[in-house]
**Student:** 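Pasting in a structure now, in structure tokens, and then I'll have a few things to ask.
Because the structure is a prediction, the values reported are computed rather than measured.
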Amino acid sequence: MGLRYTSNQIKEMLKGAREMRESVTYQAILEEGREIGREIGREEGREIGVRKTLLLLGGKRLGEPSESTLAKIQAITDLTQLEQLALRLLEVESWSELLAEG
């Protein structure tokens with residue numbers, strides 16, 4: 001902008017943008033964005049927590065997972081699937097049995 005307009009012209013154009021930030025509509029849009037961000041963060045936090053619990057309890061019950069098993073568990077992003085695996089820990093005898101399809 002500085003190559004095309006004078007500093008006074010730029011200030012005048014940006015004045016409207018500054019006033020817009022104070023508008024109720026602009027603030028509502030920002031708040032909606034913040035809420036979406038918080039929800040995404042909460043979901044990611046739950047995923048991380050369940051995965052950590054799965055690995056801690058699984059390590060205690062089944063022994064330390066191999067690198068390939070760890071990679072498979074890290075690749076799971078579906079919270080429900082991670083929760084189901086955590087529940088199945090009580091029913092299986094190995095990591096491979098836990099991760100077996102079916």
**Student:** Could you walk me through whether E67 and K72 pass the side-chain contact (heavy atoms from CB on, under 4.5 Å) check?
**Tutor:** CA-CA 9 Å; E67 289 296 318; K72 287 177 186 176; over 6 Å; no
**Student:** Is E35 salt-bridged to R42, cutoff N-O under 4.0 Å?
**Tutor:** yes
**Student:** So which atom in I73 and which in R51 form the shortest heavy-atom distance, rounded to 0.1 Å?
**Tutor:** O-NE, 3.2 Å
**Student:** Taking atom CG of L62 and atom CG of L57, what is their separation to the nearest 0.5 Å?
**Tutor:** 10.0 Å
**Student:** Hey, quick one: are V50 and I48 part of the same hydrophobic cluster, counting side-chain heavy atoms closer than 4.5 Å, chains of contacts allowed?
**Tutor:** no
**Student:** Who pairs with Q74 by side chain to side chain donor-acceptor pair (under 3.5 Å), at least two apart in sequence or on another chain?
**Tutor:** none
**Student:** Answer yes or no: is there a donor N or O on one side and an acceptor on the other, between the side chain of W95 and the main chain of L70, under 3.5 Å?
**Tutor:** no
**Student:** Determine whether E39 and R34 make a side-chain contact, defined as any pair of heavy atoms from C-beta on separated by less than 4.5 Å.
**Tutor:** no
**Student:** Can you measure from OG1 (T80) to CG (L85) and round to the nearest 0.5 angstrom?
**Tutor:** 11.0 Å
**Student:** Mind checking what makes salt bridge (charged side-chain N to carboxylate O under 4.0 Å, His left out) contact with E83, not counting sequence neighbours?
**Tutor:** none
**Student:** To the nearest 0.5 Å, how far apart are CG in D78 and CD in E47?
**Tutor:** 8.5 Å
**Student:** Has the side chain of R88 got a donor or acceptor atom that lies under 3.5 Å from a matching backbone atom of L99?
**Tutor:** no
**Student:** Measuring from L55:CG to E64:CD, what's the distance to the nearest 0.5 Å?
**Tutor:** 8.5 Å
**Student:** What distance separates L90 CG from R61 CZ, expressed to the nearest 0.5 Å?
**Tutor:** 6.5 Å
**Student:** Measuring from E32:CD to L30:CG, what's the distance to the nearest 0.5 Å?
**Tutor:** 10.5 Å
